[in-house]
Structures are given as C-alpha cells and as structure tokens.
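All figures in this text were calculated on a predicted structure; none of them were measured in a lab. All values below come from the heavy atoms of this structure, side chains included, with hydrogens, waters and symmetry mates left out. Throughout, protein chains are lettered first and strands after them, A, B, ... in sequence-line order, and every chain is numbered starting at 1.
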Amino acid sequence: MYEGEGRNETATPLKEIFPLADNLALFAITVGETVSSEIEALFEEGDFALAAMLDTVASEATEIAGIIAERRYLEFLVSERRNFGESTVLRYSPGYCGWHVSGQKRLFEFLRPEEVGIILTESYLMQPLKSISGLMVVGRREIHDFEMSYPFCENCRTQECRLRIGTIMKR
Amino acid sequence: MDLLKDISNNLQRGDDEKVAALTGQAIAAKVPPKQILDDGLIAGMTVVGMKFKAHDIFLPDVLLAAKAMYAGLNLLKPLLVKEDIPAVGKVVLGSVEGDLHDIGKNLVGIMLKGAGFEIIDLGNDVPPERFVDAAVKENASVIGMSALLTTTMSNMKKVVDMVNERGLTDKIKTIVGGAPVTSEYAGEIGADAYAFDGISAVDRIKQLLGLS
C-alpha cells in the first residue's frame with residue numbers, strides 16, 4: 001500500500017520506519033464540511049479576520065482529532081492486553097516526507113473513508129478540506145527519530161516533523 | 001487633506017463603518033476617486049503593512065483593516081471604472097494543481113487588492129496551463145502560485161517552465177509562496193520571486209513591476 005502509484009521519493013523516513021513498527025493502522029478523520037462552508041462564506045462576506053481565525057481553529061481541531069485517534073488506538077492495543085509500555089504512536093500522511101500524495105488512492109481503496117463523508121479528488125486530495133488521513137505507526141519512540149538528510153527536507157520550510165518527533169521524545 | 005487622513009487612520013483601526021462613511025463624504029465633496037484611493041485607503045493599508053512587518057500588529061488586525069479597505073473600495077470601484085482608472089497591476093493567483101489549500105492564497109489576494117492590484121483568483125487545484133492561459137487572456141503581469149504540500153510544490157516549476165517555453169518571461173513574472181516553499185526553492189525552479197506572506201507578496205510584486 002505504501003508504494004501507492006509508485007511516485008514516492010526513492011528514500012523516505014517512513015520506508016525505514018514502518019518495518020520496525022509493532023503495529024500499524026490506517027486512519028482518516030474529518031471535522032466535516034460545515035466549517036469549511038462557513039469559512040468560505042465569511043471570506044465572501046469580507047469578514048477576513050474571522051474567516052482566517054476560524055480556518056486556524058478548524059485546522060487545529062482536525063489535528064487534535066488526529067491526536068485523540070492516536071491515543072484511542074494505543075488504548076485499544078493496551079486493552080487487548082498487549083505490552084506497549086515503552087511504545088508510542090506517530091502519524092504519517094501522504095503528501096509529506098516523501099510519501100507521494102497519490103498514496104491516498106490505495107489508502108482510500110482499502111479504508112473506504114467515504115463512509116464517514118470524506119471523498120478523494122482526482123488530484124488525490126480530500127474533501128472536506130479539513131480532513132487528515134494516513135498511517136499510525138506504533139513502536140519504540142527511537143524509530144521515529146530520523147535525520148533530516150533526505151533531499152526533500154532541504155526544500156521544506158515548516159519542518160513540523162521535528163516538533164512532532166520532539167513531542168513523543170519528551171513523553 | 002483631513003478627510004483622507006481620517007480615512008487612513010480609521011482604516012488602520014479596522015473601523016469599516018467609519019471608512020465607508022468617510023469615503024462617501026469624500027466622494028460627495030468631489031475629491032477625485034484616485035486621490036481617495038491613493039491618499040486615503042492605500043495610504044492606510046501601507047501603514048498597516050509596515051506595522052505588521054515591524055510586529056507591532058498581528059494578522060487579525062491586518063485583516064480587519066483589509067475589511068475596512070474593502071468597505072471604502074466598494075464605494076470607489078464604480079467611479080474608478082467610470083473614469084477608466086487602471087489598477088496598479090493585474091495578478092493571476094491560484095493554489096497549484098493537486099493542492100486544495102487556499103487560505104494563504106486568499107490572504108495574499110486580499111493584501112494585493114488592498115494595495116490597488118486587480119486579482120484574477122483561479123481558486124485551488126489549478127493546472128499549469130490554466131495559470132498561463134489566464135495570465136495571457138487577462139493580460140496579467142504576474143502569476144502568483146501557492147502550495148502547502150511538499151509533493152505539490154513541484155507543480156510550481158511546471159508553470160514557470162511553461163512561461164519560459166511560451167516566450168512570455170518579459171511579459172509575465174512568477175512569484176511563489178506557501179508553508180513549505182523557500183526563497184531558495186523559488187530560485188531553484190526559476191521563479192522571479194518568493195513571498196513569505198501577503199504583506200511581503202505586495203512588496204515583491206511591486207519590485208517585480210518596478211513600482212517601488
């Protein structure tokens with residue numbers, strides 16, 4: 001599934017990380033279409049500040065929903081009486097870290113996020129816009145601590161991976 | 001003129017109702033529309049941009065000012081059209097193919113309009129040829145592209161290459177931005193400029209067009 005349409009970068013962190021995982025789970029989450037319509041309406045009405053703030057809140061809510069899903073997944077594994085004392089979970093998504101966005105196609109074929117109202121466009125993007133999808137990787141925290149030496153890291157300004165990895169390292 | 005200064009000051013405070021009322025007063029007082037635009041509205045937005053760059057104010061303050069700008073601009077627009085006063089420049093904007101994120105692109109459009117530019121917003125998921133075709137059709141001087149994903153950034157290069165291949169580099173300049181995009185990347189793909197945010201997009205585009 002990870003290979004998707006064969007358009008990933010040759011070397012990616014996830015390619016090295018997921019074989020080391022204890023457990024893997026695909027996920028797709030949305031906060032729905034209503035908030036996106038409201039943002040669009042506010043922009044059209046000229047309420048730019050409110051629109052931008054609501055957009056930020058909606059993006060953050062989607063991320064928090066992802067964090068909650070991670071926790072629930074770990075709780076589920078623990079409830080299955082498996083030993084995950086030293087393990088942690090981190091999300092990876094098509095479109096980031098060398099995993100080509102076309103990877104969404106196979107993910108959708110398998111997971112069927114349409115059932116929760118998420119559809120995939122021809123450009124492999126999700127609608128509603130405030131949706132996330134990808135792979136949750138459970139394993140020792142060290143497996144996620146990759147070097148930023150991949151060619152695509154040079155062109156990435158956000159380097160949000162460092163923040164996310166930093167968070168699990170502190171846990 | 002005090003009236004224009006009042007427009008500028010109230011715009012900076014984000015008071016859209018006062019800006020609309022004062023713009024109406026200026027129109028009634030037969031102040032030339034271009035002067036109201038330049039010395040009232042754009043002058044106010046210029047100060048807002050400077051304050052934002054100096055970190056004296058935050059994005060919501062800028063957007064409240066932009067709303068006030070639009071309140072005045074909506075009253076002026078019919079007069080500017082009637083007097084055939086051209087925009088400062090015309091910019092085609094869009095999020096590149098494969099990218100649905102458009103908040104940043106929208107903010108750039110708002111800031112550019114606030115600076116007196118005409119914006120042709122193509123929306124999101126815009127194929128390369130649509131950018132170039134629209135720029136040619138609309139006689140735009142600038143194509144602005146936004147991308148939020150590292151995997152869609154490469155589509156910016158396709159647009160830049162297409163501008164080159166069609167021999168349009170003298171007529172059309174390209175500018176890129178978006179969360180993962182850097183000025184180094186802009187240079188690497190041959191774009192004419194990179195902008196970190198909406199305010200810097202206004203500065204860069206003015207430089208590209210020799211307006212500053």
Reported OG1-to-OH distance for the pair B/T152 and A/Y124, which is rounded to 0.5 angstrom = 14.0 Å
Please report the closest heavy-atom contact between A/A49 and B/P60, naming both atoms and the distance.
-> CB-O, 3.7 Å
For atom CZ of A/R71, decide whether the heavy atoms of other residues, nucleotides or ligands shown that lie under 6.0 angstrom number more than 12.
-> no
Which of the residues A/T56, A/T121, A/L50, A/L129 is involved in the greatest number of heavy-atom pairs with chain B at under 4.5 angstrom?
-> A/L129
Heavy-atom distance under 4.5 Å to chain A: side chain of B/I110, backbone, both or neither?
-> side chain
A/E45: what forms a side-chain contact (heavy atoms from CB on, under 4.5 Å) with it, not counting sequence neighbours?
-> A/A41, A/L42, A/D47
Structural part of A/L125 lying under 4.5 Å from a heavy atom of chain B = both
Heavy atoms from other residues, nucleotides or ligands near CD of A/E109 exceed 12 (cutoff 6.0 Å) | yes
Check whether any side-chain heavy atom of B/L107 lies under 4.5 Å from a side-chain heavy atom of A/F43, and answer yes or no.
-> yes
Which value, rounded to the nearest 0.5 Å, describes the distance between A/F48 atom CZ and B/M111 atom CE?
-> 8.5 Å
Does A/K105 NZ have over 12 foreign heavy atoms under 6.0 Å away?
-> no
Report the distance from atom CE of A/M53 to atom CG of B/L63, rounding to the nearest 0.5 Å.
-> 8.0 Å
